[in-house]
Chemist: 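What follows is a single structure, and I will ask about it in a moment.
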Number of protein chains: 2
Amino acid sequence: MDRRVTKKGDDDTSGKERPTLKTLAFMTGLGVTTVSRALKDAPEIGAETRRRVQLVAKQIGYRPNRAGVRLRTGKTNVISLVLNTEHELMSFVSDIIYGVTEVIADTPYHLIVTPYSRSQDPLDPVRYLVETGSADGVIISRTQPNDPRARYMLERGIPFATHGRTDMGLVHPYHDFDNYAFAGEAVRALAANGRNRLALVTPPIGLTYYRYTVNGFADALSEVGASEVPFNTVSIDQSIEQIRMRTAQLMRRKDRPDGFVSSAAAATLAIVAGIEDAGLKLGRDVDVVSKQSSELLHLFRRELLVVNENFRLAGSELAKAVLGWIGGADPGTLQSLSTPSEVLPYRG
Amino acid sequence: MDRRVTKKGDDDTSGKERPTLKTLAFMTGLGVTTVSRALKDAPEIGAETRRRVQLVAKQIGYRPNRAGVRLRTGKTNVISLVLNTEHELMSFVSDIIYGVTEVIADTPYHLIVTPYSRSQDPLDPVRYLVETGSADGVIISRTQPNDPRARYMLERGIPFATHGRTDMGLVHPYHDFDNYAFAGEAVRALAANGRNRLALVTPPIGLTYYRYTVNGFADALSEVGASEVPFNTVSIDQSIEQIRMRTAQLMRRKDRPDGFVSSAAAATLAIVAGIEDAGLKLGRDVDVVSKQSSELLHLFRRELLVVNENFRLAGSELAKAVLGWIGGADPGTLQSLSTPSEVLPYRG
DNA sequence: TTGGCAACCTGTAACGTTTCAGTATATTGA
DNA sequence: TCAATATACTGAAACGTTACAGGTTGCCAA
């Protein structure tokens, strides 16, 4: 066997291999331990040595080997985003991802996407991550008031943040959009347009923000003295066709609503289609207030009233929260709520 | 680090720690080496021993420590998806991600998302991945005919797949949508509707699929004897407002087109808005054929003609291609092209 | 002079895995 | 019978990192 350069023994300057602490140690004439400590600004290292080591490290482009660190310390430098892969509707997922990556861009963290399908127990991917120690922090969405995943991670002591609040009397980081305020503002805007028989197209039943939305809707209804037209057969995670058909059905009845509040842009497309299927006209016979995460709804129908929800911001906030918790901050301080924009009409 | 109770010596059955090869070795009474080999079906292990080890491993839920494997072998079991985080327009990114995760779900692979912003050199993230050995395989998009990233990875010998083809005389795995066929079909459909002055809203200039689209468009134009109305000021990665304004401008001219071919759904919304800004009517004054990745365009305007592009499929194909290359397959056999659907009119 | 004490640095072990170079036992061939 | 060989297993080393438990200096007080 012909050893190519050298035995990769103590004398390693051969250029092409990725530098390690050993390389640095050899180059500086110091011990590996000293180099390791110098790089992380340990106090017992002389100021000059520290500077020297850091200079050389930068020069040769030293980057710690993730596997080495992880094996030794258990620190993965990984954040996992746990996603349901069957959000059939419009995808805000990329925005969340972009938001997360924005925050972790200048940290050593990598983002891994951990999927689960609807058929699985949502706890499965979380259990996997925790059991295999695959991440230092986890972000979950589709949060429920009593969320087994949050409970599980709290028990195991692994940092996480939820997109959406829980209601278990337990404290943990979260970011949420204020859907109570959204639904309220929506109702008030419709009332201001003279609408007083309102229907709500809700978030998926079971998720926390379903409750906030429903409550915000109900409270504002009594505040403005409008009444609800029940539309419980529909929620935003149903298929476009379902929503459209149900809406058309509803709109052909005598006691049809004259206003809709919709929790998602894709559902809104279906609602409008249903309205028009029934021969009615948006803006004349009925108004619709909808949340949206991109600016597209006003291109669709300018009569729509929209409220913007910024998922990129959500991603950023969630990432900051998890990193904060990992960094030792008090989880109770890592909670944020995003206030809806005003209800916006089309502006030419 | 203050870890555990006992010294974690040879006697480790204490239940709560994650099992390692050492645990298995102790439980089976074998050596660590034997266990390691038995788990990967090495030939020099007795059949019974093999079965015994694998049984115990399954029973206690042994999972290899990724850091250990990675440190020893360099194998990361990671696929990286490299993404530009400034696709302002409608996001097909989540579909690709879902497609990828579908394929790697029952493999040991994790998916990491590596972002870069428009201001950066697209080569940066790829260089980072290769230099730090952070992934066994890479998926890139926004592929160019002469793509420095593909060239770089070929030089370094790291498996990858591109979303979109290159044209460098180098062979590598890819998946692509047949945009030549798409543009051609679109033109023929418009011609069949009696349209013969057609404008093309192109993909971003510089990307490979720009060329295929333009060529497909041009070839079909001469085939059907229609003419092109130049619209070079616009491409799909411009802002909605830009596209809308330019379209309105164009449509107010006397020599306006009577047909559009649009390479992206979000751009199509803007085009239609622009058409209507100019006081014209879709289906009467002008027809539009558009690609879409979700079924929403027909809700927007039923007069639209659509062609579906399946990004989830693209994600799956790309993942299969990378895994195939990692597994030693011939890169030349890992190329696939997705044929567009027919041009579809609205069906009630 | 000496003992003590900072200040600064170092070698060794360990994390979990795979590879290398074996060893021990049984089996075969002549 | 004895060596050669196949079969089944094993310990040690190494990947790159950090924690632990020291080791040298040099300086100062007694």
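In what follows, every chain begins at residue 1, and chains take the letters A, B, ... in the order their sequences are listed. Note that the coordinates shown come from a computational prediction; the quantities given were computed from them, not determined experimentally. Keep in mind that the numbers below use all heavy atoms, side chains included, and drop hydrogens, waters and symmetry copies.
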Chemist: Under 4.0 angstrom, heavy atoms only, what part of the nucleic acid is Gly68(B) near: base, sugar-phosphate, or nothing?
Modeler: base
Chemist: Identify the two heavy atoms, one from Pro173(B) and one from Ala321(B), that lie closest to each other, and give their separation to 0.1 Å.
Modeler: CB-CB, 3.8 Å
Chemist: Can you give the donor-acceptor pairs under 3.5 Å from side chains of residues 50-58 of chain B to other protein atoms, not counting sequence neighbours?
Modeler:
| from | atom 1 | to | atom 2 | distance (Å) |
| --- | --- | --- | --- | --- |
| Arg50(B) | NH1 | Ala42(B) | O | 2.9 |
| Arg52(B) | NH1 | Thr28(B) | O | 3.3 |
| Gln54(B) | NE2 | Ala38(B) | O | 3.1 |
| Gln54(B) | NE2 | Asp41(B) | OD1 | 3.0 |

Chemist: Quick check on dG11(C): is either OP1 or OP2 less than 4.0 Å from any side-chain nitrogen or oxygen of Thr33(A)?
Modeler: no
Chemist: Using atom CZ of Arg70(B) as one end and atom C1' of dT17(D) as the other, report the distance to the nearest whole Å.
Modeler: 13 Å
Chemist: What integer distance in Å separates Asn77(B):CG from dG16(C):P?
Modeler: 18 Å
Chemist: Between Ser36(A) and dT18(D), does any side-chain N or O lie under 4.0 Å from OP1 or OP2?
Modeler: yes
Chemist: Find the distance Glu17(A):CD to dC15(D):P and express it as a whole number of Å.
Modeler: 10 Å
Chemist: Does dT18(D) have its OP1 or OP2 closer than 4.0 Å to a side-chain nitrogen or oxygen of Lys40(A)?
Modeler: yes
Chemist: Please state how far atom CG in Asn65(A) lies from atom C1' in dG16(C), giving the value in whole angstrom units.
Modeler: 14 Å
Chemist: Can you tell me how far P of dT17(C) sits from CG of Leu39(B), to the nearest Å?
Modeler: 9 Å
Chemist: For a quick check of understanding: with a heavy-atom distance under 4.0 Å over all strands, which category does Gly133(B) fall into, base, sugar-phosphate or nothing?
Modeler: nothing
Chemist: On the side chain of Thr73(B), is there an atom forming a donor-acceptor pair with the base of dT19(C) - under 3.5 Å, no angle test?
Modeler: no
Chemist: Of the nucleotides dC15(D), dA21(C), dT18(D), which one has an atom closest to the side chain of Arg37(B)?
Modeler: dA21(C)
Chemist: Between the protein and nucleotides 22-26 of chain C, are there any N/O to N/O pairs under 3.5 Å, and if so, what are the atom names and distances?
Modeler:
none

Chemist: To the nearest Å, give me how far apart CG (Leu24(A)) and P (dT10(C)) are.
Modeler: 13 Å
Chemist: Is there a side-chain contact (heavy atoms from CB on, under 4.5 Å) between Arg70(A) and Arg66(B) once you walk through the steps?
Modeler: CA-CA 9 Å; Arg70(A) 180 164 171 179; Arg66(B) 311 190 118 234; 3.7 Å; yes
Chemist: So if I take residues 43-64 of chain A and measure heavy-atom distances to DNA chain D, which residues fall below 4.0 Å?
Modeler: Tyr62(A), Pro64(A)
Chemist: Looking only at the side chain of Leu71(B) (C-beta and beyond, no hydrogens), which of the listed nucleotides dT17(C), dC15(D), dT17(D) gets closest?
Modeler: dC15(D)
Chemist: Quickly work out the Leu21(A) CG to dT10(C) P distance and round it to whole Å.
Modeler: 13 Å
Chemist: Take the protein atom CZ of Arg18(A) and the nucleotide atom P of dC15(D), then report the distance between them rounded to whole Å.
Modeler: 14 Å
Chemist: Check Leu111(B) against Thr101(B) and note the closest heavy-atom contact, atom names and distance.
Modeler: CD2-CG2, 4.0 Å
Chemist: Do the rings of Phe311(B) and His163(B) sit parallel, tilted or perpendicular, given the 30° and 60° boundaries?
Modeler: perpendicular
Chemist: Donor-acceptor pair, Thr114(A) side chain versus Val82(A) backbone, under 3.5 Å?
Modeler: no
